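So the structure is just underneath, and the comments pick up after that.
Each chain gets a letter, A, B and so on, in the order its sequence line appears, and its residues count up from 1. These numbers come from a predicted model, not from an experiment.
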Protein chains: 2
Amino acid sequence: MVTTCSEPDYVANPYDADCPTRHILDRIGDRWTVLIIGILGRGDARFSELRRHVGGISQKMLTQTLRGLERDGLVRRTVFPEVPVRVEYALTDSGRSLLEPLYALQDWSIRHLGDVSASQEAYDRANQ
Amino acid sequence: MVTTCSEPDYVANPYDADCPTRHILDRIGDRWTVLIIGILGRGDARFSELRRHVGGISQKMLTQTLRGLERDGLVRRTVFPEVPVRVEYALTDSGRSLLEPLYALQDWSIRHLGDVSASQEAYDRANQ
DNA sequence: CGGGATCCGGGCGGATACTG
DNA sequence: CAGTATCCGCCCGGATCCCG
């Protein structure tokens with residue numbers, strides 16, 4: 001089950017569909033995935049709660065992203081057959097384990113935001 | 001310089017352009033960025049080397065991505081005025097520090113690839 | 001309330017041709 | 001070799017309408 005792309009070189013071959021790097025990149029490629037995971041990391045939430053907390057997401061993209069996360073086993077969807085219907089979203093164990101590397105990326109971006117901004121300004125100044 | 005979005009809640013507001021989460025997501029949003037950083041993590045490389053190692057990337061996207069990384073101060077571009085011209089790309093200190101969180105994500109994806117694949121198959125089976 | 005279905009525009013990214 | 005310039009198809013994602 002482990003393909004050749006699970007060697008250190010896997011990072012170089014995004015065209016291998018089995019490559020874990022490629023897959024996870026496809027998952028977090030859109031900004032919504034990471035934001036939703038982050039919200040659910042604080043606790044379970046309903047559809048409307050997620051929509052309120054993730055500023056600017058459309059209903060279509062929220063649904064679409066949640067379906068993908070459910071399919072990947074990162075999010076569990078529970079329907080309560082009340083009237084009106086209530087739907088709760090929660091991280092699975094797998095999804096919860098993704099929080100740590102995502103937070104590592106957040107920490108990095110916070111620590112380096114100043115450097116990056118300064119570099120951008122310098123670059124733009126040097127190129128008009 | 002630290003905005004309100006640097007509180008734990010920043011993850012919820014991708015519409016704040018100053019939000020570090022939003023910025024880093026925009027950077028690694030395309031799959032090429034992470035792949036190029038990964039390659040350069042093993043050592044400096046020339047344009048044609050990168051193009052060979054990052055399978056399937058077009059010359060346009062390679063140039064475009066490298067420019068963005070240079071602007072963000074993650075990659076340093078050095079031109080050797082020989083004939084024909086030689087251009088070397090290398091990670092800056094900032095870019096090298098990004099390797100660790102990126103590898104954390106790779107490790108996660110390798111460890112969970114089996115779970116994710118199984119979940120996908122189960123999901124697809126349950127929904128035709 | 002929590003979606004599904006459809007239409008549509010903008011932009012990402014590939015292909016090609018050309019250059020210092 | 002390492003790009004720049006241009007054209008263009010396609011798909012992402014928003015807007016809107018509808019439903020159980």
Side-chain angles (χ1 to χ4, degrees), chain A residues 13-15 17 22-23 25-37 39-40 44-72 75-90 123 126-128, chain B residues 13-15 17 22-23 25-36 39-40 44-72 75-90 123-124 126-128:
Chain A
N13 191 2
Y15 275 55
R22 174 66 187 281
H23 178 78
L25 288 181
D26 286 348
R27 265 271 112 256
I28 71 166
D30 64 303
R31 63 182 189 273
W32 302 127
T33 292
V34 183
L35 297 170
I36 292 174
I37 298 267
I39 298 287
L40 291 177
D44 304 358
R46 305 180 55 171
F47 187 88
S48 47
E49 287 182 279
L50 288 172
R51 187 161 188 195
R52 244 177 297 117
H53 283 101
V54 182
I57 193 172
S58 68
Q59 169 261 351
K60 172 184 174 180
M61 289 317 297
L62 181 53
T63 300
Q64 194 170 298
T65 307
L66 285 170
R67 287 295 177 279
L69 291 172
E70 191 192 358
R71 193 175 100 99
D72 286 353
V75 161
R76 181 168 28 248
R77 179 176 180 267
T78 311
V79 181
F80 296 89
E82 308 169 352
V83 190
V85 74
R86 181 166 60 96
V87 180
E88 285 268 356
Y89 291 94
Y123 184 95
N127 306 69
Q128 278 86 330
Chain B
N13 190 3
Y15 276 54
R22 173 67 186 282
H23 177 76
L25 288 182
D26 287 348
R27 265 271 111 255
I28 70 167
D30 64 300
R31 64 181 189 272
W32 303 127
T33 292
V34 183
L35 296 171
I36 292 173
I39 298 286
L40 291 177
D44 304 359
R46 305 181 55 171
F47 187 87
S48 46
E49 286 182 278
L50 288 173
R51 186 161 189 197
R52 245 177 297 117
H53 282 102
V54 182
I57 191 172
S58 68
Q59 165 260 8
K60 173 184 173 181
M61 290 315 298
L62 180 54
T63 300
Q64 195 170 297
T65 307
L66 285 169
R67 287 292 177 281
L69 291 172
E70 191 191 359
R71 192 177 102 100
D72 286 352
V75 161
R76 182 168 29 248
R77 177 176 181 268
T78 311
V79 181
F80 297 89
E82 310 168 350
V83 189
V85 75
R86 181 166 60 96
V87 180
E88 285 268 356
Y89 291 93
Y123 184 94
D124 292 344
N127 305 69
Q128 280 89 329

Within this structure, what is the CG-to-P distance between Leu62(A) and dC12(D), rounded to whole angstrom?
17 Å
Short side-chain N/O contact from Tyr89(B) to OP1 or OP2 of dG3(D), under 4.0 Å
yes
Interatomic spacing from CD in Glu88(B) to CG in Leu40(B) - rounded to 0.5 Å:
10.0 Å
Would you mind reading off the distance between Gln64(B) atom CD and dG11(C) atom C1', rounded to a whole angstrom?
11 Å
Starting the side chain at C-beta, find the nucleotide from dG14(D), dG14(C), dA2(D) nearest to Ser58(A).
dG14(D)
May I have the distance from Asn127(B) (atom CG) to dG3(C) (atom P), rounded to whole angstrom?
13 Å
Let me confirm one number: the CG-NE2 distance from Leu35(B) to His53(B), rounded to the nearest 0.5 Å.
12.5 Å
Nearest to the side chain of Met61(B) - dG14(D), dG13(C), dG2(C)?
dG13(C)
Quick one: Lys60(A) NZ to dC12(D) P, roughly how many Å, whole number?
9 Å
For atom CG of Leu66(B) and atom P of dC1(D), their distance in whole Å
16 Å
Any Arg46(B) side-chain nitrogen or oxygen under 4.0 Å from OP1 or OP2 of dC1(D):
no
Separation of Glu49(A) atom CD from dC1(C) atom P, in whole Å?
12 Å
Dump the intermediate steps for side-chain contact (heavy atoms from CB on, under 4.5 Å) on Phe47(B) and Leu66(B), then the final yes or no.
CA-CA 9 Å; Phe47(B) 187 87; Leu66(B) 285 169; 4.0 Å; yes
Would you say Arg77(A) places a side-chain N or O within less than 4.0 Å of OP1 or OP2 belonging to dG3(C)?
yes
At 10 degrees resolution, what angle do the end axes of the helix from dC1(C)-dG20(D) to dG20(C)-dC1(D) form when each is taken over five base pairs?
50°
Given atom CG of Leu50(A) and atom P of dC1(C), what is their separation to the nearest angstrom?
14 Å
Quickly work out the Ile36(A) CD1 to dG2(C) P distance and round it to whole Å.
14 Å
Which nucleotide, dA2(D), dC7(D), dG4(C), lies nearest any side-chain atom of Ser48(B)?
dA2(D)
Which part of the nucleic acid does Arg67(B) contact within heavy-atom distance under 4.0 Å: base, sugar-phosphate only, or nothing?
sugar-phosphate
Using nucleotides 17-20 of chain C, report all nitrogen or oxygen pairs with the protein that are shorter than 3.5 Å.
none

